[in-house]
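Since the structure comes first, as structure tokens, the remarks are kept for the end.
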Amino acid sequence: MPELPEVETVRQGLAKWVTGRTIRAVEVHHPRAIRRHLTGDAHFIALLTGRTITDVSRRGKYLWFPLDSGDAIIGHLGMSGQLLMQPADAEDEKHLRIRFTFTDDGPQLRFVDQRTFGGLSVSEGGAELPDEIAHIARDPMDPLFDDELFVARLRAKHTEIKRAILDQTLISGVGNIYADEALWRAQLHGARLTDQLTKPAVRRLLAHIRDVLAEAIVAGGTSFDELYVNVNGESGYFDRSLNAYGREGEPCHRCGTIMRREQFMNRSSFSCPRCQPRPRTIRH
DNA sequence: ATAATACCCTGGCCGC
DNA sequence: TGCGGCCAGGGTATTA
């Protein structure tokens, strides 16, 4: 499941492999992969053919490729999307959705996506920051992320803390895995209410979010299966460092209590019953 | 206005 | 072995 560390790992790989290269041709193999490009595949292809990729940028879980035209390719991996560099003679992947070839006849860029929650689109004039993702908050690895603004906005909300840190308009890049990891480190249950947390408590949580994201980037991300890999098809190894996610029935790495799983926001949340007690207050 | 829910997808896995 | 049902969950549209 690509969250910020996985997307950043992909970004770094792409930056090395596609920056400065000129697109010769684009093939769209599945319409759903460009469903967010509202003007259709012919227009998508026309905007890209002959253009040179000048950089690879990221905000949260979104990627974009600025082009020499001033436009940008926007990419989101969704649940199972992959952006792979492949030699031209490599066999097509079963779930190949979009293929880019380049004028240098070097490795192709392929968008592969089993569950089709991800996709690409072109943002006209979006090289600096596409309008389509301007509503996404800066992520905590961004030098311009405003810590105190985040603390204030979070505490102004009336919701559960896990919902808040998964809200990409408040802080971007955090998904279910790293949310559970950061909450475990901060010793907070995800159902704690944002407006009942102190400023220092929120600052501590933010520091843990930053730490866990940074450590995961160093590890190349978290891989449970073949659905997340870097541009060369390799898995990350942060799964070996997880303290919460997926650890139901196993002892807490801090206190030894057996970890629990709870249904939360229609997905699984993992926590320690002792280190992260449920709040006593009833939601209203 | 904000908050919470429904929906989109596929394939691996489980129990019968 | 086959099959129905469940599960993974990011982002957005819809509902409350």
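Chain identifiers are assigned alphabetically (A, B, ...) following the order of the sequence lines, protein sequences preceding nucleic acid strands; residue numbering begins at 1 within each chain.
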Result of checking A:E91, A:R99, A:E93 against A:Q86 for side chain to side chain contact (heavy atoms under 4.5 Å, CB included):
A:E93
Would you kindly compare A:R32 and A:T159 by the position of their nearest DNA chain B nucleotide and give the one closer to the 5′ end?
A:T159
Set of salt bridge (Lys or Arg N to Asp or Glu O under 4.0 Å) partners for A:R278, sequence neighbours left out:
A:E262
What residues, two or more places apart in sequence or in another chain, satisfy salt bridge (Lys or Arg N to Asp or Glu O under 4.0 Å) together with A:D113?
none
Under a 4.0 Å heavy-atom criterion, the protein footprint on nucleotides 11-16 of chain C, written with B, S and -, is SS----
Sequence neighbours excluded, the answer for salt bridge (Lys or Arg N to Asp or Glu O under 4.0 Å) partners of A:E215 is A:R185
Please report the distance, rounded to the nearest Å, between CG in A:D195 and C1' in B:dA3.
13 Å
Please set out all donor-acceptor pairs under 3.5 angstrom arising from side-chain atoms of residues 140-154 of chain A, sequence neighbours excluded.
{"unit_1": "A:D142", "atom_1": "OD1", "unit_2": "A:L144", "atom_2": "N", "d": "2.8"}
{"unit_1": "A:D142", "atom_1": "OD2", "unit_2": "A:R138", "atom_2": "NH1", "d": "2.9"}
{"unit_1": "A:D146", "atom_1": "OD1", "unit_2": "A:E148", "atom_2": "N", "d": "3.2"}
{"unit_1": "A:D146", "atom_1": "OD1", "unit_2": "A:L149", "atom_2": "N", "d": "3.0"}
{"unit_1": "A:D147", "atom_1": "OD1", "unit_2": "A:R210", "atom_2": "NH2", "d": "2.8"}
{"unit_1": "A:D147", "atom_1": "OD2", "unit_2": "A:R210", "atom_2": "NH1", "d": "3.1"}
{"unit_1": "A:E148", "atom_1": "OE1", "unit_2": "A:R203", "atom_2": "NH2", "d": "3.1"}
{"unit_1": "A:E148", "atom_1": "OE2", "unit_2": "A:R203", "atom_2": "NE", "d": "2.9"}
{"unit_1": "A:R153", "atom_1": "NH1", "unit_2": "A:T169", "atom_2": "O", "d": "3.2"}

I need the CZ-P distance between A:F117 and B:dA6, as an integer number of Å.
15 Å
Is there a donor in the side chain of A:H76 and an acceptor in the side chain of A:R36, or the other way round, less than 3.5 Å apart?
no
Using atom CZ of A:R115 as one end and atom P of B:dT10 as the other, report the distance to the nearest whole Å.
11 Å
note: A:E93, atom CD; B:dG11, atom P; distance rounded to Å ~ 14 Å
Whole Å only: how far is the CD atom of A:E3 from the P atom of C:dG9?
8 Å
How would you label the contact of A:R261 with the nucleic acid (heavy atoms, under 4.0 Å): base, sugar-phosphate, or nothing?
sugar-phosphate
Suppose we screen for ring pair (Phe, Tyr, Trp, His ring centres under 6.0 Å). Which residues come up paired with A:F270, at least two apart in sequence or across chains?
A:Y245
So does A:H95 get a side-chain nitrogen or oxygen closer than 4.0 Å to the phosphate oxygens (OP1/OP2) of B:dG11?
yes
Round to the nearest Å and state the distance from A:L4 atom CG to C:dG9 atom C1'.
17 Å
Rounding to a whole Å, what distance do you find between A:D167:CG and B:dT5:C1'?
15 Å
Rounded to whole angstrom units, what separation is found between the CZ atom of A:R35 and the P atom of B:dC8?
12 Å
Listed by chain and number, what are the salt bridge (Lys or Arg N to Asp or Glu O under 4.0 Å) partners of A:D167, not counting sequence neighbours?
A:K157
Between A:S268 and C:dC7, is there a contact of a side-chain N or O with OP1 or OP2 at under 4.0 Å?
no
List the atom pairs, donor and acceptor, that lie under 3.5 Å between side-chain atoms in residues 60-67 of chain A and the rest of the protein, sequence neighbours left out.
{"unit_1": "A:K61", "atom_1": "NZ", "unit_2": "A:V174", "atom_2": "O", "d": "3.2"}
{"unit_1": "A:W64", "atom_1": "NE1", "unit_2": "A:A127", "atom_2": "O", "d": "3.1"}

So does A:K94 get a side-chain nitrogen or oxygen closer than 4.0 Å to the phosphate oxygens (OP1/OP2) of B:dG11?
yes
Compute the bend angle of the helix from B:dT2-C:dA16 to B:dC16-C:dG2 from the end axes (five pairs per end), rounded to 10°.
50°
Does B:dA3 have OP1 or OP2 under 4.0 Å away from a side-chain N or O of A:K157?
yes
